[in-house]
Amino acid sequence: MNNEKILISFPDGSQKFFPKESTLEDMAQFISPSLKKKSVVGKVNGKVFDMKRPIDSDCEIELLPLNSPEGIEVMRHTATHILAQAVKRLFGKVNLGIGPIIESGFYYDVDTDQNITKGDLVTIEKEMNRIVAENLPIQREVVSQDEAEKIFSKDPLKLELLRKIPAEEEVTIYKQGEFIDLCRGPHLPSTHLVKAFALTNVSGAYWQGNSDNKMLQRIYGVAFSSKKELDQYFYLLEEAKKRDHRRLGKQLDLFMFSDEAPGMPFYLANGQIIRNELETFLRNLQDSFNYREVKTPLMMNQRLWEKSGHWNHYKDNMYFSEVDHQHFALKPMNCPGHMLIFKDKLRSYRDLPIRMAEFGQVHRHEFSGSLNGLLRVRSFCQDDAHIFVAPTQIEEEITSVLRLIDDVYRTFGFHYEVELSTRPEKSMGAISLWNQAEGALKEVLKKLGYDFRINEGDGAFYGPKIDIHIKDALNRSHQCATVQLDFQMPEKFDLEYINEQNEKVRPVVIHRAVFGSIDRFLGILIEHFGGAFPTWLAPVQVKVLPVSNDAHKGYTEEVTNRLKQEGIRVEHDDREEKLGYKIREAQMNKIPFILVLGDKEVREGNVNVRSYGEKKTREMTLEAFILSIKHSIENKEIRDTEYS
RNA sequence: GCUUCCAUAGCUCAGUGGUAGAGCACUUCCAUGGUAAGGAAGGGGUCGCCGGUUCAAAUCCGGCUGGAAGCUCCA
């Protein structure tokens with residue numbers, strides 16, 4: 001210890017000298033013992049520091065409690081060390097990979113001969129709790145590369161990580177009890193501050209995310225600053241499970257799957273109604289944006305795919321068939337078909353832009369392990385369109401596409417984020433063209449005032465793209481719409497139009513989809529609305545129930561027929577069952593409106609209306625009900641109950 | 001495709017080597033007039049498929065198919 005002093009500034013503006021090499025813990029202690037007790041980590045000039053890390057120069061500090069965002073992150077990080085320590089204690093010979101924090105928790109990748117199963121998680125958790133109870137102080141140490149290599153000489157994965165650390169960077173290790181880990185930190189001062197955690201899952205994960213590498217066992221956990229938040233987490237998980245589109249799809253008879261066609265959905269009558277509504281909605285909107293709808297074959301000669309470049313980039317994911325010694329492929333995309341339509345006749349600049357839309361069924365052979373209900377399938381319907389434009393029309397046309405997308409998403413109440421994806425490694429065409437295309441997209445987004453994120457290297461192989469991510473009712477993000485610029489396809493297919501100077505020139509193609517996949521979009525809608533669809537989408541919009549079949553059958557039939565005439569999807573439940581039974585069933589089927597008709601309604605020519613999710617009923621004339629429900633359907637009103 | 005787990009009645013699930021169970025749904029009968037389940041009886045399963053171990057397999061082992069959570073991939 002020397003006598004040098006450093007000047008420390010606190011958040012309230014006050015300042016004080018401390019001996020050099022003082023720690024945040026010392027400073028907290030100075031202010032008050034209770035602050036020291038509460039603080040688990042701190043910020044030094046905005047950077048998160050361990051409580052016990054010596055400070056050697058003047059700075060601004062801020063002390064943070066466990067329930068601060070930084071505190072929680074550091075706590076999760078410490079939790080993952082405790083996990084690794086527990087696994088080492090229990091399984092002996094274990095090599096550690098990486099153990100980062102993720103949303104709500106953490107994981108650690110471990111390499112061990114022993115197979116860790118979900119059942120082992122309980123045992124590991126117990127050991128973790130023991131380590132927490134042991135209240136092990138956590139110590140940070142700066143070491144040299146050489147020292148570190150000695151420490152981790154028996155840890156091949158750690159050595160690999162260590163050798164990737166640039167020479168100018170400090171190498172730090174963290175110790176708690178017998179456990180040492182290579183780690184950037186920071187960490188909590190002691191293991192007992194990890195309060196509320198649970199291990200959730202175990203799965204395989206490739207070392208360094210590369211499928212050529214060894215597969216490690218990844219143990220997942222969640223951790224929060226209080227037991228209450230942990231409980232809340234599991235509660236929300238339960239809620240999400242209740243909304244799972246696979247479960248609701250079964251419960252509401254929307255769709256099914258069969259072993260005879262893995263990854264390919266069968267739509268039941270109820271689900272097909274919703275799909276048709278979605279299609280009709282977009283078809284009408286596209287009409288107003290001057291699109292023309294086409295239909296191309298499901299299967300085309302393999303030659304076409306070789307020509308388009310899909311063969312090279314995508315053949316492993318395509319389905320093939322051989323008939324009459326000819327090789328055919330099921331289309332994985334609609335674009336080549338649309339290119340053929342464009343080429344079918346001579347085009348003039350006066351024809352542009354040509355907006356060619358198709359609800360096209362595509363087949364893609366996805367890995368069996370990635371299939372997931374309607375969200376990830378092997379056959380789906382794209383609301384695809386290809387817009388052929390002159391280069392000068394790009395900006396205007398993209399602007400109009402983004403307007404269309406906005407119209408659609410607003411209808412469902414989706415907020416969305418915009419992302420620009422640039423040239424991937426496996427790309428086609430000249431880099432200068434790519435740069436030009438990326439520049440054009442950026443320009444439009446800026447002009448429209450979108451706050452967009454750039455996703456380097458995530459573009460399609462033929463061009464950069466704008467992806468739209470929607471946020472659902474549980475605040476989960478889904479990529480749906482995409483707008484892609486393509487200079488390659490026109491080149492490959494030698495597309496031309498005649499310009500003002502009577503010269504043959506190349507058009508540019510804009511690919512775009514709004515729902516993306518109707519199947520996937522339906523899956524997202526099911527979860528977003530929890531199965532309680534807005535009236536315009538609901539498979540059954542009104543259920544008509546007589547108080548007594550004997551006395552009110554005539555009137556319920558009359559009302560049902562009247563609603564049918566008005567184009568409303570209505571069902572009449574005249575089974576010999578109690579009224580309460582029928583109401584329960586209608587509610588469980590999440591039908592927007594129940595009409596109960598008895599003596600009173602017959603006498604007054606009224607209907608008694610109960611909306612989904614509500615206990616209260618309203619009495620009104622049949623005509624008033626028709627007017628109101630038709631208004632709701634025409635305006636595609638969103639019921640507010642689905643956000644509750 | 002890879003790792004781990006799972007597959008029992010239409011659905012949700014119980015059943016750890018000795019003759020297949022529950023609730024809901026379904027069928028029949030009885031009852032039945034006002035906003036979330038009226039009562040009784042009955043039918044229904046080659047325990048995903050194929051093979052092995054065993055006197056005996058839903059149960060143990062192997063393969064296949066399908067599913068789940070991740071990883072990888074996603075034009």
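Order of the sequence lines sets the chain letters (A, B, ...), proteins ahead of strands, with each chain counted from 1.
- Here the two rings, on A:F593 and A:F625, have centers that are under 6.0 Å apart.
- Atom pair A:D212:CG and B:rC73:P shows a separation of 10 Å (rounding to whole Å applied).
- Which of B:rG1, B:rG33, B:rU35 sits closest to the side chain of A:I583 comes down to B:rU35.
- When both pairing distances are held under 3.5 Å, B:rG70 makes a Watson-Crick or G-U pair with B:rC2.
- Put simply, CG on A:D573 is 19 Å from P on B:rU32, counting in whole angstrom units.
- A:P332 comes within contact range of at least one nucleobase, with a heavy-atom separation under 4.0 Å.
- As judged by a 4.0 angstrom heavy-atom cut-off over every strand, A:H310 is placed among the base-contacting residues.
- Side-chain atoms of A:E576 lie closest to B:rA31 of the nucleotides B:rU35, B:rA31, B:rU72.
- Within the cation-pi definition used here (under 6.0 Å to the ring centroid, within 45° of the axis), A:R218 qualifies as a partner of A:Y107.
- Between A:L237 atom CG and B:rA68 atom C1' there is a gap of 14 Å when expressed in whole angstrom units.
- As rounded to whole Å, 13 Å separates atom C1' of B:rU4 from atom CZ of A:R218.
- Of all nucleotides listed (B:rG1, B:rA36, B:rG34), B:rG1 comes nearest to the side chain of A:F367.
- Between A:R378 and the phosphate of B:rC74, there is no side-chain N or O to OP1/OP2 separation shorter than 4.0 Å.
- Within the 4.0 angstrom heavy-atom criterion, no nucleotide atom of any strand lies near A:D316.
- With respect to the salt-bridge test (charged N to carboxylate O, under 4.0 angstrom), the residues A:D494 and A:R506 qualify.
- Residue whose closest nucleotide on RNA chain B sits further toward the 5' end, between A:Q208 and A:S548: A:S548.
- Within the nucleic acid shown, A:H552 comes within 4.0 Å of at least one base atom, counting heavy atoms only.
- Contact annotation for A:Y581: backbone-only contact, meaning every heavy-atom pair under 4.0 Å involves sugar-phosphate atoms and none involves a base.
- Residue A:A551 places its side chain closer to B:rG33 than to any other of B:rG33, B:rC2, B:rG34.
- Residue A:Y220 is classed as a sugar-phosphate contact, given heavy-atom separations below 4.0 Å to backbone atoms only.
- Closest to the side chain of A:N201, from the set B:rG33, B:rA69, B:rC71, is B:rA69.
- A:E239 and A:K242 are joined by a salt bridge, as a carboxylate oxygen and a charged side-chain nitrogen come within less than 4.0 angstrom of each other.
- Side-chain N or O atoms of A:S517 include one that pairs as donor or acceptor with a backbone N or O of A:R520 at under 3.5 Å.
- Within 4.0 Å (heavy atoms only), A:L216 reaches no atom of the nucleic acid at all.
- With P as the reference atom, B:rG10 and B:rC47 are 12 Å apart, rounded to whole Å.
- Residue contacts shown for A:E601 include a base, since a base heavy atom lies under 4.0 Å away.
- As rounded to whole Å, 15 Å separates atom P of B:rA25 from atom NZ of A:K582.
- Of all nucleotides listed (B:rC71, B:rG66, B:rC73), B:rG66 comes nearest to the side chain of A:D259.
- Around atom NZ of A:K343, more than 12 heavy atoms belonging to other residues, nucleotides or ligands sit under 6.0 Å away.
- Judged by distance alone, the side chain of A:R610 and the main-chain N or O of A:V596 form no donor-acceptor pair under 3.5 Å.
- With hydrogens and angles ignored, a donor-acceptor pair closer than 3.5 Å exists between the side chain of A:D599 and the base of B:rG33.
- Among the heavy atoms of the strands, none lies under 4.0 Å from A:R247.
- Residue A:N210 is classed as having no contact, given no heavy-atom separation below 4.0 Å to the nucleic acid.
- No contact: A:G309 has no heavy atom under 4.0 Å from any strand.
- Look at B:rC26: its Watson-Crick or wobble partner, with both distances under 3.5 angstrom, is B:rG42.
- At a threshold of 4.0 Å, the pair A:E585-A:K543 does not count as salt-bridged, since none of the basic side-chain nitrogens sits closer than that to a carboxylate oxygen.
- Nucleotide B:rA9 forms no Watson-Crick or G-U wobble pair with any nucleotide shown, as no partner meets the under 3.5 Å limit on both distances.
- Closest to the A:L579 side chain, of the nucleotides B:rG34, B:rC71, B:rC73, is B:rG34.
- Between B:rA69, B:rU35, B:rG38, one nucleotide has an atom nearer to the side chain of A:T617 than all others, and that is B:rU35.
- Within the 4.0 Å cut-off from OP1 or OP2 of B:rC73, not a single side-chain nitrogen or oxygen of A:R364 is found.
- For the pair A:D458 and A:D244, both in contact range of RNA chain B, the more 5′-proximal nearest nucleotide belongs to A:D244.
- In the set B:rU3, B:rA69, B:rC74, B:rU3 carries the atom at the smallest distance from any side-chain atom of A:M215.
- Looking at heavy-atom distances under 4.0 Å, A:G580 makes contact with sugar-phosphate atoms alone, never a base.
- Between B:rC73 and A:R376, no contact under 4.0 Å exists linking OP1 or OP2 to a side-chain N or O.
- Among the heavy atoms of the strands lying under 4.0 Å from A:K600 is at least one base atom, whether or not backbone atoms are also near.
- In A:E604, the CD atom is crowded: over 12 heavy atoms of neighbouring residues, nucleotides or ligands sit closer than 6.0 Å.
- For B:rG51, the paired nucleotide is B:rC61, the pair qualifying as Watson-Crick or G-U wobble because both relevant distances are below 3.5 Å.
- Note on A:S370: every side-chain N or O is 4.0 Å or more away from OP1 and OP2 of B:rC73.
- When the nucleotides B:rA36, B:rA69, B:rG67 are ranked by their closest atom to the side chain of A:M588, B:rA36 comes out on top.
- The C1' atoms of B:rU27 and B:rA9 are separated by 15 Å, rounded to the nearest whole Å.
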